[in-house]
Trainee: 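Submitted below is the structure of interest, expressed as structure tokens.
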Amino acid sequence: MGYYDKLKDSQIQNPNEEVAVVDRKYIFPNSVVVTLEHARNFLAKFNLKVKGTDGVKYFKGKSKSNKKVIYSLEEKPIVNIADSKSCKKVFYGKTEDNLIAKVKPKDNRKFKIKFKNLANGNEAFFEMRCDKKFRICGVFYGKEKEGAPLVGRFTRDKPAKGQCTVEMAPYVDNMFLIALAHFFNDKNEYKKYIKLAAIGAAALASHHHHHSSSAGHAVGGLAGTK
């Protein structure tokens, strides 16, 4: 069975504790499903929409390739996910002053997302991994290999329309998962970071094998790339 089917058939699980990253007000005692829509009109002031399964609009957003900002319906910026050299970073509001989390690419189409859990003050992490065709993505509270609960699932069900379904477990910060889903839904951005991780890993491996300075330059050069 491929990873797509495995993830599609997995149950979304309660993490057994509150996981608040942006704000505890985005935590609910029940699981929530929303749809992301990415409008094709780049001139629109807001080209992202977050809707409930009933079609009610909850949030809106502005997407550029290097930055995505999510706003309340009253147009107050809540959170943004922006580019940095080797990872994506999540911040409060629309500036890059208050860092919430780092989204770092790892091997095997995987990201590790480090954050502070506001519910208990502890450092914690999610793992986020997608299938080979970038159609589905799972978010795990801890290491997937060690049986960590699946707390979020993003499915790009209508990629032509820029549409993605976001399923979220109870007691997990919905706003943070929606921000991660916006990143996954931008396939080119997501792929770019996965490639960066692969190039970095290959360069490091060849450096260890040959101890050649050229591989070292490759890693150094990569660290300097945008």
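These figures come from a predicted structure and were not determined experimentally.
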Trainee: Same cluster for Leu177 and Val69 if Ile/Leu/Val/Met/Phe/Trp/Tyr side chains link at under 4.5 Å?
Mentor: no
Trainee: Compute both the distance and the angle, then confirm whether Lys112 meets the cation-pi test with Phe125: under 6.0 Å from the six-membered ring centre, within 45 degrees of the axis.
Mentor: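 Yes, a cation-pi geometry.
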Trainee: Do the rings of Tyr26 and Phe59 sit parallel, tilted or perpendicular, given the 30° and 60° boundaries?
Mentor: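 Because their plane-to-plane angle is over 60°, the rings of Tyr26 and Phe59 count as perpendicular.
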Trainee: Does Lys104 NZ have over 12 foreign heavy atoms under 6.0 Å away?
Mentor: no
Trainee: Relative to the ring of Tyr190, is the ring of Phe183 parallel (under 30°), tilted (30 to 60°) or perpendicular (over 60°)?
Mentor: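 Phe183 vs Tyr190 ring planes: tilted.
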Trainee: Less than 4.5 Å apart, any side-chain heavy atom of Val34 and any of Ile178?
Mentor: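 Touching, per the 4.5 Å side-chain cut-off.
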Trainee: Under 3.5 Å, is there a donor-acceptor pair between the side chain of Asn98 and the main chain of Glu96?
Mentor: no
Trainee: Please confirm whether Phe176 and Phe115 have ring centers closer than 6.0 angstrom.
Mentor: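 Yes: the rings meet the under 6.0 Å criterion.
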Trainee: So with a 6.0 Å cut-off around NZ of Lys67, is the heavy-atom count from everything else above 12?
Mentor: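 Yes.
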Trainee: Tell me if a side-chain donor or acceptor on Arg109 pairs with a main-chain N or O of Met128 at a distance below 3.5 Å.
Mentor: no
Trainee: Do you see a donor-acceptor pair shorter than 3.5 Å between the side chains of Asn30 and Tyr171?
Mentor: no
Trainee: Okay, side chain of Asn117, backbone of Ala124: is any donor-acceptor separation there less than 3.5 Å?
Mentor: no
Trainee: Report the residue from Lys62, Lys94, Lys45 that forms a salt bridge (Lys or Arg N to Asp or Glu O under 4.0 Å) with Glu75.
Mentor: Lys45
Trainee: Centres of the Phe184 and Phe134 rings: under 6.0 Å?
Mentor: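 No, they do not, as the ring centres are separated by 6.0 Å or more.
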